[in-house]
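Read the structure below first, then the notes.
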Amino acid sequence: MSRPHPVQVIAVSGGKGGVGKSNVSVNMGIALAEKGKRVVILDADLGLANIDVLLGIKAKRNLQDVLNGDCDLRDVLVNGPGGIKIVPASSGTQHMTQLSPMEHAGLINAFSDLGDQIDVLIVDTAAGISESVVSFLRASQEILLVVCDEPTSITDCYALIKLMNRDYGTNRFRILANQARNDQEGRVLFDKLTRVTERFLDVALQYVGIVPYDEAVKQAVQRQKAFLDAYPRARASAAIRALASKVDNWPLPTTPRGHLEFFVERLIEA
């Protein structure tokens, strides 16, 4: 048998809502696609989908249809900007927020059929620390936490790190400072987080940079476009390309841990 195609699975989370996770997910995906990567973004906010709204995409089908057995994942995939593919979630469906571990696994098992067509799977999680969020974080190879310089964002991010470390033994997290004025402010924010984690937890945090506060981001959201697409020369666009260059150099594991099969297995275990 041929060796499974390695797929980098990156969960984008942060605890608090409104910190810009979805914007980071979409634009990072586009920047990776610019580098020739085949990128799929999973809108894993299963009950309050927002990526389709963020991009002005009208999806005919979503993950609810896959779960119901009405179609397979290939029927749900929609084309996004810059060549990325998007798996839209449903909105306003309470059942989707309360899936059992086996339902989670059944949903994600569809990704195994797409394994040879994906280089990077970006999982844009919901806010908070629900079972759904934890399942996706546990199943992913990399965890990128988006945090802003406000007390509730830092507190919620720490709570998420603590939960994942204490209950599931996760000890490596990558930190992105969003809406920072400059890199110095981003590093100060990172230091605030590391001071409390070093004191109470056995974790390794890695600072991956900032996405600066930029009016172009707000304008792009109002236009329902990705800022990298609408304003490619904006400060935020330059920053997201720098982030994508780092992500592109993150090591791909040589074990099944990096394959979509592992993603599925971990969701079943969760």
Side-chain angles (χ1 to χ4, degrees), residues 8-32 34-35 37 39 41 120-125 127 129 133 136-138 140-166 168-214 217 227-228 234-253 258:
Q8 189 149 43
V9 183
I10 304 168
V12 180
S13 197
K16 184 180 182 295
V19 295
K21 292 183 296 76
S22 297
N23 237 334
V24 167
S25 296
V26 166
N27 287 280
M28 180 175 70
I30 295 171
L32 286 166
E34 288 181 348
K35 293 179 170 295
K37 299 295 184 183
V39 179
I41 298 178
V120 183
L121 173 64
I122 298 173
V123 182
D124 180 36
T125 76
I129 52 176
V133 172
F136 284 117
L137 293 183
R138 290 183 65 199
S140 299
Q141 171 198 341
E142 300 280 359
I143 299 175
L144 176 64
L145 300 181
V146 181
V147 62
C148 297
D149 192 10
E150 53 185 69
T152 51
S153 176
I154 296 170
T155 301
D156 288 3
C157 187
Y158 172 74
L160 181 58
I161 293 170
K162 179 180 177 181
L163 172 69
M164 295 303 298
N165 178 244
R166 181 193 62 201
Y168 303 105
T170 306
N171 58 14
R172 190 185 64 167
F173 303 86
R174 301 186 190 267
I175 308 297
L176 176 71
N178 195 24
Q179 301 174 25
R181 284 177 295 184
N182 50 50
D183 191 63
Q184 182 181 4
E185 186 176 278
R187 289 188 178 277
V188 169
L189 170 57
F190 177 71
D191 289 342
K192 289 179 184 176
L193 199 52
T194 53
R195 276 198 298 273
V196 67
T197 55
E198 286 176 351
R199 184 175 177 187
F200 298 108
L201 304 174
D202 180 23
V203 297
L205 305 187
Q206 181 178 356
Y207 177 69
V208 297
I210 70 165
V211 175
Y213 176 82
D214 191 334
V217 174
F227 62 77
L228 194 65
R235 289 179 64 219
S237 297
I240 212 78
R241 285 193 177 98
L243 171 64
S245 292
K246 292 178 182 177
V247 173
D248 197 30
N249 287 318
W250 289 352
L252 273 174

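All of these numbers come straight from a predicted model, not from anything done at the bench.
- For residues 150-166, the set of pairs meeting the salt bridge (Lys or Arg N to Asp or Glu O under 4.0 Å) definition, not counting sequence neighbours, comprises Lys16-Glu150.
- Annotation: side chain of Asn165 is in contact with side chain of Asn171 (closest heavy-atom distance under 4.5 Å).
- Side-chain N or O atoms of Ser13 include none that pairs as donor or acceptor with a backbone N or O of Leu145 at under 3.5 Å.
- We find that Asp191 and Arg187 are not joined by a salt bridge, their nearest charged nitrogen and carboxylate oxygen being 4.0 Å or further apart.
- Judged as a ring pair (Phe, Tyr, Trp, His ring centres under 6.0 Å), and not counting sequence neighbours, the contacts of Tyr207 are Phe190.
- Residues passing the side chain to side chain contact (heavy atoms under 4.5 Å, CB included) test with Arg235 are Pro212, Asp214, sequence neighbours excluded.
- Judged as a ring pair (Phe, Tyr, Trp, His ring centres under 6.0 Å), and not counting sequence neighbours, Phe173 has no contacts.
- Of all heavy-atom pairs between Phe136 and Ala11, the closest is O-CB, 4.4 Å.
- Across all non-hydrogen atoms, the minimal contact from Gln179 to Glu185 is O-OE2, 4.2 Å.
- Judged by distance alone, with hydrogens and angles left aside, the side-chain atoms of Lys21 form no donor-acceptor pair with the main-chain N or O of Gly14 at under 3.5 Å.
- With a 4.5 Å cut-off on side-chain heavy atoms, Asp248 and Lys37 count as touching.
- Minimum heavy-atom separation, Ala31 to Leu228: N-CD2, 3.5 Å.
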Pairs under 3.5 angstrom only: tabulate donor-acceptor contacts from the side chains of residues 196-206 to other protein residues two or more places apart or in another chain.
| from | atom 1 | to | atom 2 | distance (Å) |
| --- | --- | --- | --- | --- |
| Thr197 | OG1 | Leu193 | O | 3.1 |
| Thr197 | OG1 | Thr194 | O | 3.1 |
| Gln206 | OE1 | Arg174 | NH1 | 2.4 |

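- Under the 4.0 Å criterion applied to side-chain N and carboxylate O atoms, Asp149 and Arg181 are not assigned as salt-bridge partners.
- A distance of 11.0 Å separates CD1 in Ile240 from CD1 in Ile210, rounded to the nearest 0.5 Å.
- The OG atom of Ser153 lies 10.5 Å from the NZ atom of Lys192; values are rounded to the nearest 0.5 Å.
- Atoms CG and CZ, on Asn27 and Phe227 in that order, are 3.5 Å from each other to the nearest 0.5 Å.
- Each of Asn178, Leu189, Ile154 was scored for a side-chain contact (heavy atoms from CB on, under 4.5 Å) with Cys148, with one residue passing: Asn178.
- Using modelled atom types, no side-chain atom of Asp124 and backbone atom of Ile41 make a donor-acceptor pair closer than 3.5 Å.
- Counting all heavy atoms, side chain and backbone alike, Leu32 lies closest to Ala244 at CD2-O, 3.6 Å.
- For Lys246, there are no salt bridge (Lys or Arg N to Asp or Glu O under 4.0 Å) partners, not counting sequence neighbours.
- For the pair Leu137 and Tyr168, the minimum side-chain heavy-atom distance is 4.5 Å or more.
- Counting only heavy atoms from C-beta outward, the side chains of Val247 and Glu142 never approach each other to under 4.5 Å.
- Between atom NZ of residue Lys35 and atom CG of residue Asn249 there is a gap of 7.5 Å, rounded to the nearest 0.5 Å.
- Between Ala127 and Val133, the shortest heavy-atom distance links the atoms O-CG2, 3.9 Å.
- Residues Ser140 and Val9 approach most closely at OG-CG1, 3.7 Å, considering heavy atoms.
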